[in-house]
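Please read the structure below before turning to the comments.
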Amino acid sequence: MKRACHRLAETGYDEPVMAMLEVEIWRGGEDGAWRSYAVPHQANQTVLDVVTHVQRHIDPSLAYRFACRVGMCGSCAMTVNGRPRWTCRTHVSQAARKGRVRIGPLRNLPVIRDLAVDMAPFFEKWRDAEARFVPSKEPPEEPVRPDEPERRAADAGIECINCAVCYAACDSVAWNPDYPGPAVLNRLWTLVNDRRDGDRDGHLDAAGAGCHLCRSHQECADACPTGLNPTAAIAGLKREVFRRALSGGARGPRQ
Amino acid sequence: MNEAWLFAAQRLSAMVMAPLVLLHLGVILYAIRDGLSADEILSRTEGSLFWGAVYGLFVLAAAVHAPIGLRAVLREWGRWRGAGLDIAMALFGLLLLALGLRALAAVL
Amino acid sequence: MIERLDRDILILGSGGAGLFAALHAYRADPALDIAVAAKGLLGKSGCTRMVQGGYNVALAPGDSLERHFMDTIEGGAWINHQQLAWTLIEGAVERIRELEDEIGCYFDRNPDGSIHQKAFAGQTFDRTVHKGDLTGIEIVNRLMEQVWARAVTRLEEHRAAALIPARDGSRLAGVLLIDIRTGALRFVRAKAVLLATGGGPTMYRYHTPSGDKTCDGMAMALEAGLALRDMEMVQFHPTGLYAGPGTRMTGTVLEEGLRGAGGYLLGGDGARFMERYDDRLERATRDIVSRAMASEMRDGNVTESGGLYISMAHLGPESVAARFKGMVERCRDCGFDLAGGLVEVVPTAHYMMGGVAFEPDTTTALPGLYAAGEDTGGVHGANRLGGNGVANSTVYGGIAGDRMAADAARERAFPDPDEAVLEAAAARCLALFDRPAGDLSGIRERLSDLMWDEVGILRSADSLERADAALADLAAEVEAAGAPGGRPFNLAWHDRLNLESLVTVSRAITAAARAREDSRGAHFREDFPETGDLAATRYTAVRLADGAFTASSEPVAFTHVRPGESLLDR
Amino acid sequence: MRRGPWWAFLLHRLSGVALAVFLPFHFLVLGLAVERAALDGVLDWTENPWVKLAEAGLVVLLALHLTGGLRLLLLEFGRWSDRQQSRIAVAGGLALLAGFGFLAAAFA
Ligand SMILES: Cc1cc2nc3c(=O)[nH]c(=O)nc-3n(C[C@H](O)[C@H](O)[C@H](O)COP(=O)(O)OP(=O)(O)OC[C@H]3O[C@@H](n4cnc5c(N)ncnc54)[C@H](O)[C@@H]3O)c2cc1C
Ligand code: HEM
Ligand code: SF4
Ligand code: F3S
Ligand code: FES
């Protein structure tokens, strides 16, 4: 086994190295700079693999973050050639332009160092909007069925990996320090459609404090790696918030 | 001011203005073909309850809509926030309202 | 300088076990100061997020606790700690209700509104609760939101580095942590500490778990003198994606359902091979299929780059693309066409059934230390049923939270740490800056090849002996290696510490595998291919003392059912 | 990098701001002009090409902002559809048509 696997593993390495990638990586904090590296281009290489190569073989001091490596944890998002992306699932060939890749930290979040950002503001807004399930006193009268409209609407936004890619893509986040951002609002919309939840009005009030700041740029939906559509979710919230405001219900942001 | 209400007011005023502006644009395009004259405007509007209502409603809606919109732009691009901005925008709304009503009075 | 912090309860790890523990402890007594420390971001690290299949629980009419229990014991080849298994099965029912009704998980449903349960391999009833094929994301995201909402200290990107005993040695006093971002050392003194770092067999060349998991918890437990049980039991998943050696995608799991749906496994010669191994062909259990694949690979029946193939096209590319959307997309990201073409696969190390020996109330032999989740051993026996993993972490995480809250509330004073041990542990961490940089990548590659080849799917006395010697050498090499550089976010430093844990636990696995001279579940000895007498079943326990790993074996107590019997017959 | 919806937003915002700036003047001029013009019976200010151009601009802005606003209202309050891009195109087209219509008519 040993012999066979070693030989074969090596053929993997020996695959004709197509070319060197010209990689630029952001080094330092907010006031850092771009630095260039040459990384061998391999078949099946993701942007995360490029970053890993640099850290393992060229500059061990490079800081970056990842966990699951398969697009489930949302830890590895970076800005790749100007676009926020999940790097573990972004093939180099998808992102490189003429053999060049420029990798920086995510926008709209404080940079800790190099490619690692502090995601705390993103999560703190999530927490402050109380975007979480609130058990209801009594279960819904009608059981939830898989194909009812509310369930479908809830399902449409449920598979968020909280990667903050949408948050980085959104100008409204950059322009409004108090804008909760697409992911939080997307979560609130799922909760509003969850008939088991005991605080629909509370969620709507939380949404009402921020959803009007969405300018429907749709950059979030375009960038979301898992194919969610926060714009549509926010539109839904705006509709409900509008209705609630007209009926005199809106209490304004919860304290 | 409650953001949700501001939002609702802006959308509501937009909904009110949309048909009015369509009408207005249509009339202008129609009227302008033979050149515009004060007589013409006045003959259409003077003493007309209908046009009075149309333009009155428009002025009112615009005075609500524009300041809220401008407030958003100034907050986002002008980095101006807080009570000062809100007061300025309220004043701007009143100005629009006053000028609009004055114009309305002139043509009625 | 070591920064100090006192918390009534300190939880290590933020997977299903850690987060549930925090919520339960908080619910039991909101006055307690609770902290969760995780190597990554809270809820975004670890494997609970990565659960695809789902959560086993006996809910439906027609199913029963007894049936779930018997499936678990038979799957575990009778080496399970039966009370632990029973607690799991009973607790899962309560936990799934809690997840739905209080935490807010929105699992898939049947047309009548009841919770949908699907089939999962190795079970006699369709009992796996799920949310599409991203069940773990739903579970952890909901838990994470609930934890955020409570007054719980979050120590994110904090690595637990050592368990520090009390001065009188009677109990645990706290944990030395490294703040990864700043590089600061932080000692958290606590009345109760939960070990929930999630094990994770990432020392194998091909592996599925998240990259932050490097068996730190088990290594710390060994260092603290605790026994690890069933360490030879490492589960391999048959279909890991094989995308070449240069990518982290390699080893990540392609879901079980592909084989279940009728996918073919092909050798390098393009022909199916499973008929030579089992009547159920590709639908045979994980261990059998993995073993068959390992044999084919050893015989050289491999693809150009050294893997095997999975082929789905005969089921109709459109239907495959519709049924396995996520998998098809993942393969496409690596340049493979799963629906219509061939995708290269290798078996991949997935889960460790073994871990810290613990009691059904999550206490361990070290007072003040509790354990839950994949860090623990005994629940699953020789093989874990798909769907019992996340049940394990959430059930025991919750129990740990309750128990720790009760114990911490009783404890009036904080224990005094043994300052000498604390200083020594801190010095060990910092000494690495002064040693010459080691060839960490080289060491990691040699370790993963070694474990794969010699302590992998097929083992023998010879291979284990070779591994034992080679691991001792690697341990020395790791010890000599340093990680110069600054302290903040120094990944090389952490890589070096990770390797230390991995080598330590690899040695424990090897010691246990040498001690078990039979083949069952995930453990296959080519020199002892028979299962042996079930009635005389024993389990292994490994300890570390004075740098030596010793394995002993103890008879399994058949407290609920004996081999040859079934609870279903009663 | 930025796609259609973002440019549509920019256009909508710029036209909104421009409207907010020009509308008070429009009201002012209209009010004054009509008052004064009513005496001599001729709206001679409309003969000034600069005024014509400014008024034409206002109409284009109004048309642009209106169609952009309708697009947003549809997006927010209508049923969600993935055909945003085509809506933007239709909106832009209509606005331009209205503007050129006005210009053509005004200078005819
Ligand atoms: C791809 C995949 C699919 C799976 N599918 C299923 C399935 O369908 N059904 C099922 O039942 N099970 C499944 N499992 C198994 C299941 O995910 C795990 O058994 C279970 O989630 C483990 O939970 P845990 O809480 O013990 O650990 P984890 O969820 O792994 O969490 C470990 C935590 O500990 C932290 N940590 C690690 N080291 C340290 C340290 N030194 N200091 C501080 N913190 C540390 C990590 O950062 C993380 O937060 C799957 C596993 C994988 C990898
Ligand atoms: C013709 C009918 C009108 C409609 C349907 C309409 C619609 C809208 C809508 C929906 C918005 C919200 C944009 C957003 O928040 O993303 C908006 C913004 C705005 N509107 Fe209007 N509007 C109309 C007329 C006017 C008029 C007459 C003015 C000026 C007096 C005006 C000035 C503004 C301004 C300044 C904004 C803010 C722009 C921004 O935030 O991007 N609008 N309009
Ligand atoms: S909505 Fe999409 S982009 Fe935004 S955090 Fe969730 S998964 Fe990421
Ligand atoms: S990009 Fe931002 S502005 Fe709205 S549509 Fe998305 S949240
Ligand atoms: S590493 Fe988890 S999403 Fe990329």
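Chain letters run A, B, ... following the sequence lines, proteins first and then strands; every chain starts at 1.
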Legend entry - Residue part contacting chain B, namely of A:Ala174, when any heavy atom lies under 4.5 Å: backbone

Legend entry - Point-to-point distance, once rounded to the nearest 0.5 Å, from CE of B:Met15 to CZ of A:Phe242: 4.0 Å

Inset, instruction - Look at the aromatic rings of B:Trp77 and A:Trp175 and report parallel, tilted or perpendicular, splitting at 30° and 60°. - result: perpendicular

Legend entry - A:Arg100, CZ atom: more than 12 neighbouring heavy atoms under 6.0 Å: no

Legend entry - Spacing of CZ belonging to B:Phe7 relative to CG belonging to A:Leu213, to within rounding of 0.5 Å: 10.5 Å

Legend entry - Point-to-point distance, once rounded to the nearest 0.5 Å, from CH2 of B:Trp5 to NE2 of A:His212: 14.0 Å

Legend entry - Pair A:Cys211-B:Glu3, side-chain contact (heavy atoms from CB on, under 4.5 Å): steps then yes or no: CA-CA 9 Å; A:Cys211 71; B:Glu3 296 286 340; over 6 Å; no

Inset, instruction - Determine, step by step, whether A:Arg215 and B:Glu76 satisfy the side-chain contact (heavy atoms from CB on, under 4.5 Å) criterion, reporting the C-alpha distance in whole Å, the side-chain angles of both residues, the deciding distance to 0.1 Å, and the verdict. - result: CA-CA 11 Å; A:Arg215 309 272 167 231; B:Glu76 290 180 0; 2.9 Å; yes

Inset, instruction - Locate the shortest heavy-atom distance separating A:Ala245 from B:Ala4; write the atom from each residue and the value. - result: CB-O, 4.0 Å

Inset, instruction - Could you go through the side-chain contact (heavy atoms from CB on, under 4.5 Å) check for A:Val241 and B:Arg11 one step at a time? - result: CA-CA 11 Å; A:Val241 164; B:Arg11 296 306 191 260; over 6 Å; no

